[in-house]
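The block underneath contains the structure these notes are about, expressed in structure tokens.
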Number of protein chains: 2
Amino acid sequence: MRLTERKMQRKREQILQTAISIIKSHGYSGATMELISSELLMTKGSLYYYFKNKSDLMYQCHNFVLSQAIKDHEEILAKNLNQRQTLYEMVCLHIDYAVEQKETFNLIMEPKRFFKQEQLEPVLKLRKTYETIFDQTIEKGIKAGDFQSDDYKVARLFILGAMNWIQQWYSPEGQLTKQELKDLYFDYIMKILGGKE
Amino acid sequence: MRLTERKMQRKREQILQTAISIIKSHGYSGATMELISSELLMTKGSLYYYFKNKSDLMYQCHNFVLSQAIKDHEEILAKNLNQRQTLYEMVCLHIDYAVEQKETFNLIMEPKRFFKQEQLEPVLKLRKTYETIFDQTIEKGIKAGDFQSDDYKVARLFILGAMNWIQQWYSPEGQLTKQELKDLYFDYIMKILGGKE
DNA sequence: TTTAATTTTTAAACTTTGTTCAAAAAAAGG
DNA sequence: CCTTTTTTTGAACAAAGTTTAAAAATTAAA
């Protein structure tokens, strides 16, 4: 009886992984239920046994990636570096996600209209968690004298926005390597947060 | 013979305006051909007489708003203010567009997949024009000693990204007035561009 | 003004994609 | 081996974009 539940769970994750990879390769609108299911050697109708609808499946993908990102950030925090170093690693990690998982990491285009209420709430909550990790690091840094800022929450919005936008223009084939990008962006962030050089 | 062409043009603009307003009120995916046409007291089939397809119509909306924004920026340039003042007005204008015209101003979610090649190219060109206006102002400011920056094009990407992201979170009902938002953001921008206080 | 040509609109059919559902197939339990 | 439960299927349906042949409206010509 408990086994069934676990099996269900595993199947869900398997579908999720496939969906994520298809969103990655075919983009959001190219990821049809048909395509996802055929990749898993099933018919599209079957997907509805595991997920309520497409919006639910997409939400779970977003949720999965965002949760993973939060875990990764927590690993950084666990290293107990100074706040400047911590923030640097967080910035690098965020940029990695924004570039590598861009379709699922930031599901932006009118999320309020796209997600149904029951999905929107947990998404916003998860985002809040994510943002809070940044806020706390910045706040600690201010207390430790590493950074200085009034209105640091607006500064955080500014900074995250700048980083999220990267996915709109960055191409690995371009002039800028990812490492250069990270370092330049971190420099700007330090200027905003008044960090000493 | 020339009159017909002009009439066509007027009709196209009329449809465009209606489409823009419906995208504004119903969001991108809520703006169905049916809804747009019924607002104009015609059937959806008729829209295809004026626009090749929905993607074309959406592209024209984006184009229209973006072109208007460019004109507005050019008016600012024509005032011949110093570069710091110019940039301040440009930032204010950009934020206004990002907040008021958010659906059509930044049509972001996978534009490369959404627009067909023949539309993508002019969009990218128009965006380039828009970005160039910022670049030129920054460049002039550097020469005039108002700003300082190596890699100012990356700085511009950072700055525009931060501003574009505003549409994802800003609400007029929130704590921050639009004016406070503009001033805070301009402060951050000045820090990035090493502008003197 | 009547007729012919052209432009514009329509309504219906068709396509694609998401969704539902009853029935079949497969798996699990006794 | 039979019964029950779980899973999958395939067909039907719904919504939205798109096409098209024909009708309606407009314009031009005689």
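All figures in this text were calculated on a predicted structure; none of them were measured in a lab. Letters A, B, ... mirror the listed sequences (proteins, then strands); counts begin at 1. Side-chain atoms are counted along with the backbone in the values below, which use heavy atoms only and exclude waters and symmetry mates.
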Taking the minimum atom-to-atom distance to the side chain of B:Asn53, which one of C:dT19, C:dA11, D:dT18 wins? D:dT18

Which residue pairs pass the salt bridge (Lys or Arg N to Asp or Glu O under 4.0 Å) test when at least one of the two sits in residues 151-162 of chain A, sequence neighbours left out? A:Glu131-A:Arg156, A:Asp135-A:Arg156

From CG of B:Leu40 across to C1' of C:dT10 the rounded distance in Å is 15 Å

Verify the distance criterion only: is there a donor paired with an acceptor across the side chains of B:Thr132 and B:Thr129 at less than 3.5 Å? no

Mind checking if B:Ser46 touches a base, just sugar-phosphate, or nothing, with heavy atoms under 4.0 Å? base

To the nearest Å, give me how far apart NZ (B:Lys44) and C1' (C:dA12) are. 11 Å

For atom CG of A:Leu47 and atom P of D:dG10, their distance in whole Å: 14 Å

Whole-Å distance separating the CG atom of A:Leu41 from the P atom of C:dA25: 20 Å

With the side chain defined as heavy atoms from C-beta on, A:Thr43 is closest, among D:dT18, D:dG10, C:dT8, to D:dG10

Per the under-4.0 Å heavy-atom filter, residues of residues 10-17 of chain A near DNA chain C come out as none

Does a donor on one side chain and an acceptor on the other come within less than 3.5 Å for B:Ser21 and B:Thr18? no

Under-4.0 Å side-chain N/O to phosphate OP1/OP2 contact, B:Tyr49 with C:dT9: no

Testing the 3.5 Å rule here: is there a donor-acceptor pair between the side chains of B:Tyr97 and B:Asp72? yes

Report which part of the nucleic acid A:Tyr50 touches: base, sugar-phosphate, or nothing (heavy-atom distance under 4.0 Å, all strands). sugar-phosphate

Starting at atom NZ of B:Lys7, determine the distance to atom C1' of D:dT27, rounded to an integer number of angstrom. 9 Å

Apply salt bridge (charged side-chain N to carboxylate O under 4.0 Å, His left out) to the pair A:Glu100 and A:Lys178, showing each step before the final yes or no. CA-CA 11 Å; A:Glu100 309 298 343; A:Lys178 225 164 63 170; 2.5 Å; yes

Nearest to the side chain of B:Met42, which nucleotide is it out of C:dT8, C:dT10, C:dA28? C:dT10

Measure the distance from CE on A:Met8 to P on C:dA27 and round it to the nearest whole Å. 16 Å

Between CE of A:Met33 and P of D:dT9 the distance, given in whole Å, is 14 Å

Between B:Phe158 and A:Tyr185, what is the ring plane arrangement, given parallel below 30°, perpendicular above 60°, and tilted in between? perpendicular

NZ of B:Lys54 versus P of C:dT16: gap in Å, rounded? 18 Å

Select one nucleotide: of C:dT10, D:dG10, D:dG17, the one nearest the side-chain heavy atoms of B:Tyr48. D:dG17

Is it the case that the side chains of A:Tyr130 and A:His94 hold a donor-acceptor pair, with the cut-off being a distance below 3.5 Å and no angle test? yes

